[in-house]
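Since the structure comes first, as C-alpha cells, the remarks are kept for the end.
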Amino acid sequence: MDILEFISANTQLFSVAISAVVGFSAFVKWVDSRNRELEEKRYSDYMNLIGVISGTRKDGSPAIMTEAIAATWFLIEYREYYHITERIFSNSDFKNMAPEIWLKNVLPHIENMLSEISVSSCEAKNHCALCSFKIKNLLSFKSQKGQINVSTCE
C-alpha cells in the first residue's frame, strides 16, 4: 500500500513525467523522420547532378556544357557518396561513349574532381600527411593507359 499512497500523493509529478516522456519520444520520432527526408532529398539532388553531367536535366531536357561542369564540381559537396562517385567515373568508358566536345570540356573537370575527392576521402580516413602527399603526387601524373586508380590510399 505504500506505493499506492505515494502515487496518489504525487499525481501531478507523475502526470508531468509521463507528459515529458511522451513529448520527448514524439520529438525523437520527428527528428528521425526529418533526417530521413533530408537524406532522401540529398540522394535525389546527387542523382540529378549525375544526370546533368551525363547531359540530361531532371525534367529530361538537355543540359548545357557549363551546367555539366558546375555539376561536376558540386559533387565534392557529397562526401557520403565519394566511393560511388569514384566508381561511376573511374570505371566508365567515356572515350567511346561521349561526344568529342564533352570529352574536351567536361572530362578534364571530372578527372580533377576525382583527384580532389580521392585526396579528401583519404584524409577523411585520418591517414597521415605523407599519404596525402603521395596521392597528390600520384594523381598529378597522367597514367599512360589513360586511367588512374583514385581509390588507392596506400
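Sequential numbering from 1 along the given sequence is applied to the chain's residues. What you are looking at is a predicted structure, and each value in this text was computed from that prediction instead of being measured.
Atom OH of Tyr43 is surrounded by 12 or fewer heavy atoms from other residues, nucleotides or ligands within 6.0 Å. Crowding of Glu80 atom CD: a count of heavy atoms from other residues, nucleotides or ligands under 6.0 Å exceeding 12. The number of heavy-atom neighbours closer than 6.0 Å to CD1 of Ile101, taken from other residues, nucleotides and ligands shown, is 12 or below.
Taking every heavy atom of both residues into account, Ile53 and Ala68 meet most closely at CG1-O, 3.7 Å. What you find for Thr11 and Ser8 is that their closest heavy atoms are CG2-O, 3.6 Å. Here the closest non-hydrogen pair linking Met113 and Trp73 is N-CH2, 3.6 Å.
With Tyr46 as the fixed residue, the ring-ring contact (aromatic ring centres under 6.0 Å, His included) test singles out one of Phe74, Tyr82, Tyr78: Tyr78.
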### Query
Given the rule in the side-chain contact (heavy atoms from CB on, under 4.5 Å) test, do Ser33 and Glu37 qualify, once you have shown the distances and angles that lead to the verdict?
CA-CA 6 Å; Ser33 174; Glu37 286 175 19; 3.8 Å; yes

### Task
Give the C-alpha distance, both sets of side-chain angles, the deciding distance and a yes or no for side-chain contact (heavy atoms from CB on, under 4.5 Å) between Asn112 and Glu116.
CA-CA 6 Å; Asn112 291 336; Glu116 286 204 24; 5.8 Å; no

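To the nearest 0.5 Å, atom CD of residue Glu67 and atom OG1 of residue Thr72 are 11.5 Å apart. Separating the CE atom in Met47 from the CZ atom in Arg42 is a distance of 14.5 Å, to the nearest 0.5 Å. One finds the OG atom of Ser25 at 14.5 Å from the CH2 atom of Trp30 (value rounded to the nearest 0.5 Å). A distance of 11.5 Å separates CG in Asp45 from CG in Leu75, rounded to the nearest 0.5 Å. Between atom CD1 of residue Ile110 and atom CG of residue Asn105 there is a gap of 11.5 Å, rounded to the nearest 0.5 Å. With rounding to the nearest 0.5 Å, the separation of CD1 in Ile69 from CD1 in Ile64 is 9.5 Å.
Put simply, Val21 and Val28 are part of two different groups of oily side chains (I, L, V, M, F, W, Y) that touch within less than 4.5 Å, one to the next. If you chain together hydrophobic residues whose side chains sit under 4.5 Å apart, Leu13 and Ile3 never meet in one group. Cluster membership check: Ile18 does not share its hydrophobic cluster with Phe27, using side-chain heavy-atom separations under 4.5 Å among Ile, Leu, Val, Met, Phe, Trp and Tyr. No continuous path of hydrophobic side-chain contacts links Ile117 to Val52 [ILVMFWY only; heavy atoms under 4.5 Å]. A single hydrophobic cluster is not seen to contain both Val16 and Val22; linkage of ILVMFWY side chains at heavy-atom distances under 4.5 Å, directly or through other members, places them apart.
A distance-only check finds a donor-acceptor pair linking the side chain of Ser115 to the backbone of Glu111 [under 3.5 Å]. Between the Ser118 side chain and the Leu114 main chain, a donor and an acceptor come within less than 3.5 Å of each other. The backbone N or O of Tyr81 lies less than 3.5 Å from a partner atom in the side chain of Thr85, making a donor-acceptor pair.
Side-chain polar atoms of Asn96 and Asp93 form a donor-acceptor pair below 3.5 angstrom.
By the side-chain contact (heavy atoms from CB on, under 4.5 Å) test, Arg87 pairs with Asn91, sequence neighbours left out.
With salt bridges taken as basic N to acidic carboxylate O contacts below 4.0 Å, none links Glu39 and Arg36.
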